[in-house]
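Order of appearance sets the numbers: ligands from 1, and atoms from 1 within every ligand. None of the values given here were measured: they were computed from a predicted structure.
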Amino acid sequence: MFLAFLSLSLGLLAHAELSPYTLHEKRTNIPAGWTLTRRHDASSVLPLRFGLAQSNIHNLASFLDDVSHPDSPNYGDHWTAAQVAKTFAPSDETVETVKAWLISSGLSPDRLRVSPTKGWLEVNATVQEAEDLLLAEYHVYTHDSGKEHVASSSYHLPSHITHHVELVTPSIHFNTVISNRFAEKRSLGTYMKAGQPGSPGKGPKTTGEVNTFLTELEDCDKQITPDCLRALYGLVYEPLSGDNNSYGIAEYTPQAYLQSDLDMFNRNFSADLVGKSPIFVSIDGGVLQTENQSLGYNGESDLDLQYAMSLVTSKQNVTLYQSGDIVQGASFENLLDALDGSYCTFEGGDDPEKEDAVYPDPHSDEPGAYEGPEACGTVKPANVISTSYQYNEADLSVFYTSRQCAEYGKLGLMGVTILYGSGDSGVAGSGTGCLNPDGSQSANGTIFNPSFPSTCPYVSSVGATQVNPGAKVTDPESAAAQVIFTSGGFSNRFAMPSYQANAVGSYFTNYKPPYSGAIYNASQTSRGYPDLSANGINYVIASNGVFQLVQGTSAASPTVGAILTMVNDARITAGKKPIGFINPTIYSDSFKDAFNDITNGTNPGCGTDGFSAVPGWDPVTGLGTPNFPKLVAKWLLLP
Ligand SMILES: *[C@@H]1O[C@H](CO)[C@@H](O)[C@H](O)[C@H]1NC(C)=O
Ligand SMILES: *[C@@H]1O[C@H](CO)[C@@H](O)[C@H](O)[C@H]1NC(C)=O
Ligand SMILES: *[C@@H]1O[C@H](CO)[C@@H](O)[C@H](O)[C@H]1NC(C)=O
Ligand SMILES: *[C@@H]1O[C@H](CO)[C@@H](O)[C@H](O)[C@H]1NC(C)=O
Ligand SMILES: *[C@@H]1O[C@H](CO)[C@@H](O)[C@H](O)[C@H]1NC(C)=O
Ligand SMILES: *[C@@H]1O[C@H](CO)[C@@H](O)[C@H](O)[C@H]1NC(C)=O
Ligand SMILES: *[C@@H]1O[C@H](CO)[C@@H](O)[C@H](O)[C@H]1NC(C)=O
Ligand SMILES: *[C@@H]1O[C@H](CO)[C@@H](O)[C@H](O)[C@H]1NC(C)=O
């Protein structure tokens, strides 16, 4: 015992001389709802996992530019999944360097295991061993709900290891999943993570039932129908490419659509879709639960599918990615694992210390628990994928958001367009208010609170607009400001991508916001969002057997997805590739007049008016709303 202890400390000491430790990750606050209970027992065992640094990841932006920039000779030459996996797998040098460090620190080689894709190295270590390895202290934290979580407030790595490791878990990451079922018994919002996909009660905002349809285009200021959207954006198009094209909508259990709602909507707005369902793809036990029915449980799925299916017409199928079983639900990572096998952590399991649900479901005693293996590379991604949920950037750790963001970039390399609604809280965060100087979020915070994944430079973020009260469908729209305020602003984490440097630069030159750097990232070097926008106010939907009006960027995103799917149809019919990652293209000079520039309205929050919509790109409505005829003509000119 004494000897073992001695050799371990000598090992660490020797290392410390060769390679001093540096701080790798640190947390500045304990998230709301959690209390530090005690120091963890030194002899408890932790499943310590090292997320190994991916090769070539620093070249991702230029790889993506190469296949997505309209001036690139390789425009549209998207990569295969195998090419992506091979290019970004951690190098043998990385795997061997981290292994050698662990072995020299006293862990025997037979205790180390590398995941099949080489992305992760796992070792079961005692708390004492982990604390020595990482110069960290592990504590047990208790949630108000009674759930316990093991975490450290910081950890270190030897400096020769830091560039081989992206993150270590468990450590500072504090985003454990509180099961939907449990949360629901208590007050929602306190226990659910803000923006957690599938949270009941996270449905679109409604302003009540509709008893009379206003079917004239003059009434689009009061009710948005598919015809209003076709009129607003010039979407007159009949798709021809059939199953050679695809459009995916992501939903998270227990959120589910009702066929009776789709049929009710379609009887009035898209007669030839009555009886038609989306193509159902179940990921990690994804089911269409019918036990609970309400706007909160069905509204988002009903909305997304009614508009996606209606706008692409009966001649184009829509695919529904339904992720998660009834017990755990799922996170964006569960969907990403299904779309890209090289992203999966371990055989059949994601990382429970983060935001993600684990499959096979460990709650096998509960009815509805999915006991099959986690979906890993089993789903071929659709050409366009729209998601109407989001987190706040500050809900998630820096390493977690950057790893997930890179994954969106890889899907872009494969030719997939990834759309996320920008959020419905103006410059504030969804649910949790604004930021404090220490990075925590509270109702009385004063710092703008950007949303994620919208701040990831490899997704296309969609804001919301409105037809002004009393205005015609041919009049210019404004930023959405009824019931919701469209979200937009600047990331606190992600650097400004080159494709938006000119647009954002001229925004700051001509319309510098009247706020100091103390309340938003005014560095002019960070990612601005959204990228584009579409109407998100007063959508007529059928949900739970009644027609009602709903609002949100969650309406705008599936609408933009449908429009881009029709652009893909035109390209595919012409023998060309799908549009893939659109940002370098839509910000390019040749696409300048392909959007209806929105120049009126603001996105208030955090005690301010927020930013203002202005000529050109702005952090409220992005480049503006799509002009379909121009977009399709321009995209057909590209190779
Ligand atoms: C860690 O322990 C768990 C539970 O005993 C086991 O399933 C897993 O295979 C172990 N992992 C390693 C790398 O030894
Ligand atoms: C339905 O709601 C009840 C009561 O809130 C809850 O116990 C149950 O878990 C919910 N079921 C699903 C599938 O979400
Ligand atoms: C789909 O693509 C295949 C191969 O290019 C082609 O033979 C087929 O006609 C296409 N289908 C439609 C509906 O365009
Ligand atoms: C839609 O999918 C169904 C079922 O896979 C298929 O039979 C049908 O041909 C598809 N329709 C179109 C327009 O691609
Ligand atoms: C919707 O369609 C149904 C069935 O065709 C019809 O009875 C109803 O009047 C329509 N609703 C409105 C408000 O037009
Ligand atoms: C903000 O609210 C929190 C409770 O949510 C309170 O503890 C804190 O003192 C408040 N801060 C200010 C500056 O009012
Ligand atoms: C602003 O964004 C940049 C990313 O370009 C980041 O490095 C910086 O830390 C951010 N500043 C603040 C105050 O969050
Ligand atoms: C600007 O937007 C506001 C709502 O935010 C609206 O009331 C007003 O009519 C709009 N003005 C113009 C000129 O579009």
Would you say the side-chain atoms of N603 pair up with the backbone N or O of P619, donor to acceptor, closer than 3.5 Å? yes

Out of T455, T525, N521, L435, who is nearest to atom 10 (C) of ligand 7 when you count heavy atoms only? N521

Applying side chain to side chain contact (heavy atoms under 4.5 Å, CB included) between E25 and each of S397, S153, S154, S152, report the one that passes. S397

Taking non-hydrogen atoms only, is S523 closer than 4.0 angstrom to ligand 7 via side chain, backbone, both or neither? side chain

So if I count the atoms of ligand 3 from 1 in the order they appear, which ones are less than 4.0 Å from some heavy atom of L240? 13 (C), 14 (O)

Compare all side-chain heavy atoms of F332 with those of Y408 and state whether any distance is below 4.5 angstrom. yes

Show, in sequence, the C-alpha distance, side-chain angles and deciding distance for R49 and E122, and conclude whether the side chain to side chain contact (heavy atoms under 4.5 Å, CB included) test is met. CA-CA 4 Å; R49 288 171 175 179; E122 184 187 41; 3.2 Å; yes

Establish whether atom 2 (O) of ligand 3 and some protein heavy atom are separated by less than 4.0 angstrom. yes

So is N124 polar-close to ligand 1, meaning N/O to N/O under 3.5 Å? yes

I need the atoms of ligand 7 closer than 4.0 Å to a non-hydrogen atom of S526, numbered in the order shown. 2 (O), 4 (C), 5 (O)

Judged by atom type as modelled, is there a donor-acceptor pair below 3.5 Å linking the side chain of R27 to the main-chain atoms of I172? yes

I'd like to check atom 14 (O) of ligand 3 in this structure: does the protein have a heavy atom lying under 4.0 Å from it? yes

Under 3.5 Å: donor-acceptor pair, side chain of Q500, backbone of P497: no

Are there protein heavy-atom neighbours of atom 7 (O) of ligand 1 below 4.0 Å? no

Before accepting this row, confirm whether a basic side-chain N of the pair E129/R111 lies closer than 4.0 Å to the acidic partner's carboxylate O. yes

List the closest protein heavy-atom neighbour of atom 4 (C) of ligand 3: residue, atom name, distance to the nearest 0.1 Å. N244 ND2, 4.6 Å

Identify the closest protein heavy atom to atom 9 (O) of ligand 1: which residue and atom is it, and at what distance? R113 NH2, 4.0 Å

